[in-house]
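Take a look at the structure set out below.
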Amino acid sequence: MTSSVRVRYAPSPTGFPHVGNIRTAFFNWLFARHCGGKFIVRVEDTDVARTVQGALEGILEGLRWLGIDWDEGPEVGGDFGPYVQSKRLAIYHGMANDLVQNGNAYYCHCPSERLEAIRAAQTAAKQPPGYDRHCRDLGLGPEPGAVIRYKMPLSGRTAFNDLIRGEVSFDNAVLDDFVLLKSDGYPTYHLANVIDDHLMQISHVMRAEEWLSSTPKHLLLYNSFGYTPPTFAHLPIILGPDRAKLSKRHGAVSILEYRDKGYLPEAMANFLALLGWAYDDKTEIFSIKELIENFTIERVSQTAAIFNADKLDWMNGGYIRRLTSDDFLARALPFMKKGLPEEVARPLDNDYVKKVLPLVHERAKTLADVASMESTWFFFNDNIEYDAALLIDKKMDRRQTLDMLETACARLEVLEAFDAATLEALLRPLADEIGVKAGQLFGAIRTAVTGLTATPPLFQTMEVLGKTTCLDRIGKAIGKLR
RNA sequence: GGCGCAUUCGUCUAGAGGCCUAGGACACAUCCCUCUCAAGGAUGAGAUCAGGGGUUCGAAUCCCCUAUGCGCUACCA
């Protein structure tokens, strides 16, 4: 299917790949793939001061991790390049000059001190802020330190139909004579964005809601250039639990942090898709393929959404459980290797690790959980520490527990095989024989052998731990009780 | 302050005039399963659809006002 749909994700390399940003990229990508159109990545590095080294790499890495590929952009090129704005400066200069020539823009020589002064005066007088258009009709020319400003119409209304919000309109009178070309020779977002979206033949501009207010500026610019504007769709933003814009103090906000914490890309994609989009009143689990099939802008919500970390955990756990054991093993292994601390067990025995991992498979909410103290340390660390009181069941006393453990230990010692089935066949009847509940016997052994009260199934755990280790640890528990 | 956008269970949402005594999911509670923890199953609590006016035989759904939240109001994007 061919389509004239061309959408773009236009990140500024000023920081890490924020989940809100990546979600915007994802919606654009889903839309492009759904329509059989093109998805373009364009780097908007026009703020020299805020550009940070390596930020772009992180953003692209975040995209790749989620499975988002791009048809044109950095690394892959394309017919409308370069896809980095700092390499397109000549284009912006030419276009800005044209605007000055035909009277739609003008040079402004006002120094920043003056701008600050008028802003201060406006705030003091409770006046609406904005440039006072001092240089608008002075017919000034270029000069070091000068900027080019757009000559905003003083009356009229600019309206457009947003695919998500419907009819939106603004009075031109409230709009500023905004800067098009900065004094350092770089364009502002407004200028570069409009020119590039046109030159790259972008059909739909899907961006965060914070851009809604500047859309009339863009529309006016398209008009001044004689361009046909694209269709706009302003996406709801993502908020933190306190309803404030999602930021670092809410915890992880970089998509790569989620990767490093052991979230699966397919779970993350599914979760992100549901932040501002819904298919129907019940379906929640979508593969990437299903997302592409079903994604439409009409079903994007217009309300800001709070990032619900609990639900992400739930979803991630579900995706982890649905992994085949081989797949789980392959994905969890690196987390096991880098997650366990030096003092616990080095070097790691691969065969042994492979026996441990299946036991935590259905219990893990994230891949990193496989290396947590509460889940697997006892498999690798012989110096397990715990309170002896944990050995004793609520309805039993120290003496009874001691006798029970001693009996069990003696029976275990003479066992030839030490697999789960054999252990269960021995221990379950033993509880009856001693006259305690199975849970009471198993509980004491569990604590003796793991130091914990919540673990994977006891017999499988003991099988992996092995006879020597189990007997040794039960022996120590007996010592604690004496 | 001005302008703009938004407002359904704590959270994510379904709902496009009668199907809604508002459905699903997360979280929560209780129960079942069970060697613990998970997982799974069942049940429950939880929203007078921000408030107030209209329009209509009938409104969560349409209109107006108010409130609240958020965004923009930079030579940042």
Side-chain angles (χ1 to χ4, degrees), chain A residues 10-12 14 44-47 49-50 108 110 112 115-116 119 122-123 125-131 145-149 162 164-166 168-171 173-176 178-184 186-190 192-193 207-217 234 236-237 239 241 243-245 271 274-285 298-299 301-315 317-318 321 360-365 374-375 424 427-428 431 437-443 445-447 450 452-459 461:
Chain A
S12 283
T14 53
E44 309 217 324
D45 56 344
T46 56
D47 188 336
R50 287 204 311 150
C108 169
C110 292
S112 51
L115 299 179
E116 278 159 30
R119 198 170 302 133
Q122 285 163 338
T123 338
K126 302 213 168 184
Q127 302 260 301
Y131 178 57
V147 302
I148 294 181
R149 287 183 183 273
D162 188 278
I164 293 168
R165 328 245 148 214
V168 180
S169 69
F170 293 79
D171 266 323
V174 305
L175 269 20
D176 210 9
F178 60 99
V179 172
L180 296 169
L181 202 65
K182 301 185 260 188
S183 59
D184 64 359
Y186 279 80
T188 57
Y189 171 90
H190 308 298
N193 196 261
R207 70 216 318 190
E209 191 189 348
E210 62 207 77
W211 292 108
L212 191 64
S213 303
S214 29
T215 304
K217 294 178 184 171
H234 287 92
I237 52 177
L239 270 21
R243 299 212 145 272
K245 212 168 161 184
F271 177 72
L274 259 25
L275 233 41
W277 176 85
Y279 172 68
D280 61 13
D281 61 342
K282 41 183 69 77
T283 319
E284 304 228 88
I285 304 301
E298 293 76 66
R299 298 205 61 86
S301 126
Q302 30 187 5
T303 328
I306 291 174
F307 191 94
N308 185 345
D310 276 344
K311 190 151 183 175
L312 205 212
D313 283 348
W314 166 76
M315 192 168 273
R321 266 173 259 121
V360 291
H361 187 164
E362 76 163 26
R363 266 158 275 266
K365 278 193 158 60
E374 315 78 53
S375 72
E424 179 156 18
L427 295 172
R428 209 172 275 284
K437 292 196 166 175
Q440 295 177 310
L441 206 215
F442 299 170
I445 297 177
R446 179 191 320 282
T447 302
T450 67
L452 302 171
T453 53
T455 73
L458 217 217
F459 311 121
T461 300

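Model, not experiment: these values are computed from the prediction. Every chain is numbered from 1, with letters handed out A, B, ... down the list of sequences.
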For A:Leu458, answer base if it contacts any base atom (sugar-phosphate contacts may also be present), sugar-phosphate if it contacts only those atoms, and nothing otherwise; contact means non-hydrogen atoms under 4.0 Å. base
Measure across A:Arg428 and A:Glu424 and return the closest heavy-atom pair with its distance rounded to 0.1 Å. NH2-OE2, 2.7 Å
Report the base-pairing partner of B:A47 (Watson-Crick or G-U wobble, both distances below 3.5 angstrom), or none. none
Interatomic distance at C1', B:G69 relative to B:C32, whole Å: 43 Å
Are any of the side-chain heavy atoms of A:Asn193 and A:Arg207 separated by less than 4.5 Å? yes
For atom C1', what is the distance between B:C76 and B:U68, given to the nearest Å? 28 Å
Nearest whole Å is fine: how far is B:C9 C1' from A:Ile306 CD1? 13 Å
C1' spacing across the pair B:A45 / B:A27, given as an integer number of angstrom: 13 Å
Please report the distance separating the C1' of B:G15 from the corresponding atom of B:A74, rounded so that it comes out in whole Å. 41 Å
Distance between P atoms of B:A60 and B:G54 (Å, rounded): 15 Å
Which atom names give the shortest non-hydrogen contact between A:Leu427 and A:Phe459, and what distance separates them? CD1-CE2, 3.7 Å
For the CG atom of A:Leu175 and the OG atom of A:Ser213, what is their distance to the nearest 0.5 Å? 9.0 Å
Rounded to whole angstroms, how far apart are CZ on A:Phe459 and P on B:U34? 14 Å
Find the distance A:Met315:CE to B:U11:P and express it as a whole number of Å. 18 Å
With rounding to the closest Å, how many angstrom separate the C1' atoms on B:U66 and B:G23? 31 Å
What does the B/S/- profile of nucleotides 15-30 of chain B look like, 5' to 3', with a 4.0 Å heavy-atom cutoff to protein? S-------BBBBS---
Quickly work out the A:Asp313 CG to B:C12 P distance and round it to whole Å. 17 Å
With B for base contact, S for sugar-phosphate-only contact and - for none (protein heavy atoms under 4.0 Å), nucleotides 69-77 of chain B reads -SBSSSBBB
When the C1' atoms of B:A77 and B:C20 are compared, how many Å lie between them, rounded to an integer? 44 Å
Measure across A:Ile285 and A:Met315 and return the closest heavy-atom pair with its distance rounded to 0.1 Å. CD1-CE, 4.1 Å
Are A:Arg321 and B:G40 close enough that a side-chain N or O sits under 4.0 Å from OP1 or OP2? yes
Only one of A:Ser12, A:Pro11, A:Pro187 passes side-chain contact (heavy atoms from CB on, under 4.5 Å) with A:Glu44, and that residue is A:Ser12
For the side chain of A:Arg165 and the base of B:C5, is some donor closer than 3.5 Å to an acceptor across the two? no
On RNA chain B, check which nucleotide each of A:Gly276 and A:Thr453 is closest to and give me the residue with the more 5' one. A:Gly276
Worked verdict on A:Cys110 versus A:Tyr131 for side-chain contact (heavy atoms from CB on, under 4.5 Å): CA-CA 10 Å; A:Cys110 292; A:Tyr131 178 57; 3.1 Å; yes
Apply side-chain contact (heavy atoms from CB on, under 4.5 Å) to residues A:Leu458 and A:Ile445 and explain how you reach the verdict. CA-CA 8 Å; A:Leu458 217 217; A:Ile445 297 177; 4.2 Å; yes
What verdict does the side-chain contact (heavy atoms from CB on, under 4.5 Å) test give for A:Ile164 and A:His234, after you've listed the backbone C-alpha separation in whole Å, the side-chain angles of each residue and the deciding distance to 0.1 Å? CA-CA 6 Å; A:Ile164 293 168; A:His234 287 92; 5.8 Å; no
Classify A:Pro457 by what it touches in the nucleic acid, base, sugar-phosphate, or nothing, heavy-atom distance under 4.0 Å. base
Could you tell me the separation between the CZ atom of A:Arg207 and the C1' atom of B:C5, rounded to a whole number of Å? 14 Å
Say you pick atom P in B:C49 and the same atom in B:U7; how far apart are they, in whole Å? 15 Å
Residue matched to B:C72 through Watson-Crick or wobble contacts both under 3.5 angstrom: B:G2
